[in-house]
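Here is the structure we will look at, set down as structure tokens.
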Amino acid sequence: MQDFKKSAVYQIYPKSFLDTNGDGLGELKGVTAKLDYLKKLGVDYLWLTPFFVSPQNDNGYDVADYRNIDPRYGTMADFEELSREAEKRGIGLMLDMVFNHTSTQHEWFQKALAGDPKYKDYYIWKKGRPDGAPPTNWESKFGGSAWEYVPQFDEYYLHLFDKTQADLNWDNPEVRREVQDVVRFWMGKGVRGFRFDVINLISKGSFEDDRQGDGRRFYTDGPKIHQYLKELNQATFGRDPGIITVGEMSSTSMENCFRYAGADSHELSMVFSFHHLKVDFMGNEKWVLVPTDFQKLKDILFSWQQGMAEHNAWNAVFWCNHDQPRVVSRFGDEGEYWEQSAKMLAGVIHCLRGTPYLYQGEEIGMTNAGFTDLSQYRDVESLNHFRILRDKGMSQESAYNILKVHSRDNARTPMQWDGSENAGFTSGTPWISVNPNYKAINAAAQVDDPDSIFSYYKTLVQLRKEYDVISQGDFAPLDPENPSVLAYRRSWEGTELLCVSNFYRKPCTWKCPVDLEGYQVLLANYPDSKPEPEMELRPYESMLLLRRN
Ligand code: GLC
């Protein structure tokens, strides 16, 4: 397997990847069927979102059995076949472990409900207030209170997400031991990586009312988080240096990430942080429509690049995942400059210091869902927040316009394989509507075209393997206050790489602060881009300029 600093990870949302049995849901066999496509793209690891037994209230992030595969996704034999076939192609599987919470259908929670004290202590229970109200004013990330009342105990249990996702009590050593067993179980199946879901929320601090926010400051990057991660590392994946890990860090701080992903901290290989994607939010509030704050986007990206490098810690770099709108719709252009903007955004991410993650469909420039009716939405978060907005008095139309922009379902429509019915995803009825633009945007139209978005991504994945300046180089922002251009420089042992992008449709003139003597175009999204001291950058024009040592 490749060094993770030279690798790229491809994220698969199996439910929407490829359906091979006509039930409208994708499954593991669908992933196996497309390994050659992924090999062609050149990715090293496949992160598969959870396919464990689950009632699917949060599409598998509500796990009812960590060791078995949900029949909707296939069988253990299917998993083993996928693992074998991936390995043959030099691709490792990365599993998505959801250990902050379990489904309330999990045997542990069911035993807890039945009154077994051992299992009751696997979860977090508190008495309500004297008037019967929940113990604290914390809000669930999916809307409403984070506490659910259970009459037979006259107590509430904590759920930071849906009420069917009960938070585990990591302060109980038995819980930590169970979690270790699960990780070792999957290591025994040859898994090469793990993504840990919202892992920085596992250590809860004090249970008090939050007078400033929704409660997150009491449980985010909590008091024992580093201790618990070190312990998990030592007991499981830390014993196999070939395994890579990434933690999903919700509302985290950079100081904590220095430790989560520090080269010598023995916690995780790298982290996902999300601050750079909250630049079209109002503070932490996602369910609003505000324009993207481009300066903030750059400030955050650049400060994380520099900060993590100074502390010898490693980022996962990405625009897209199953929880984010499609980046070409978000920061690019779905229309005339679809291709140029998708390539520009790809170049910006793939030349950063960190391990790049691509989300299925990103490599062909898939766009937001294009739903025209509320009934097309499936996501629990979107549907809850739609109701909350309506309850606050917002018109149906305004609430719906917010969903169109921010809903997680934007990323969850089926992968567009070709121009045939249902984009070649299923012969049945897809569980969520296919984007109507599949005849124009699909993989078949792009894999063999050297000028396609797919080929651009493929080249970027390859360049990281070839050039140490991309995988190892130092990072420095260029002209960071420029209102249209995102530019930076990477340097390594005398080799220099500049990444220069016009982030907008409007052409602009850019004076390069670096002497361009000796620089050549390594890759660009216009056929005739040239390095010039004063560049006339066309809509979304982006170039990578290289000067060898
Ligand atoms: C993570 C997942 C998201 C899920 C949540 C709760 O943020 O990426 O899809 O809903 O955790 O498990």
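Residues: numbered from 1 along the sequence shown. Counting starts at 1 for both ligands and their atoms, in listed order.
- Ring centroids of His101 and Tyr61 are separated by 6.0 Å or more, keeping the two rings apart.
- For Arg408, the closest heavy-atom approach to ligand 1 falls below 4.0 Å.
- The His101 neighbourhood of ligand 1 comprises atoms 6 (C), 12 (O), with distances under 4.0 Å to a heavy atom of that residue.
- In this structure, Arg195 has a heavy atom closer than 4.0 Å to ligand 1.
- Between the side chains of Arg72 and Gln56, no donor N or O sits under 3.5 Å from an acceptor N or O.
- Looking only at heavy atoms of the protein, atom 2 (C) of ligand 1 is closest to Asp197 OD1, 3.1 Å.
- Within a 6.0 Å radius of CE in Met76, more than 12 heavy atoms belonging to other residues, nucleotides or ligands are found.
- Short contacts between ligand 1 and Phe142, defined as distances under 4.0 Å to a heavy atom of the residue, involve ligand atoms 10 (O).
- Judged by the shortest distance from any of its heavy atoms, Lys141 lies outside the 4.0 Å radius around the atoms of ligand 1.
- Near His322, meaning under 4.0 Å from one of its heavy atoms, ligand 1 places the atoms 2 (C), 3 (C), 8 (O), 9 (O).
- Of the possible donor and acceptor atoms, none in the side chain of Asp96 sits under 3.5 Å from a partner among the backbone N and O of Thr49.
- In the candidate list Asn57, Ile199, Asp323, Asp323 is nearest to atom 3 (C) of ligand 1, counting heavy atoms.
- Distance from atom 5 (C) of ligand 1 to its nearest protein heavy atom, with residue and atom name: Phe161 CE2, 3.8 Å.
- Side-chain contact check for His266 and Gln234: no donor-acceptor pair (N or O, by modelled atom type) lies under 3.5 Å.
- Counting only heavy atoms of the protein, atom 4 (C) of ligand 1 lies nearest to Asp58 OD2, 3.3 Å.
- Between the side chains of Tyr228 and Asp171, at least one donor-acceptor pair of N or O atoms lies under 3.5 Å.
- At a threshold of 4.0 Å, the pair Arg184-Asp181 counts as salt-bridged, since one of the basic side-chain nitrogens sits closer than that to a carboxylate oxygen.
- Closest to atom 7 (O) of ligand 1, if we only count protein heavy atoms, is Glu248 OE2, 2.9 Å.
- There is a side-chain donor-acceptor pair under 3.5 Å between Asn68 and Asp65.
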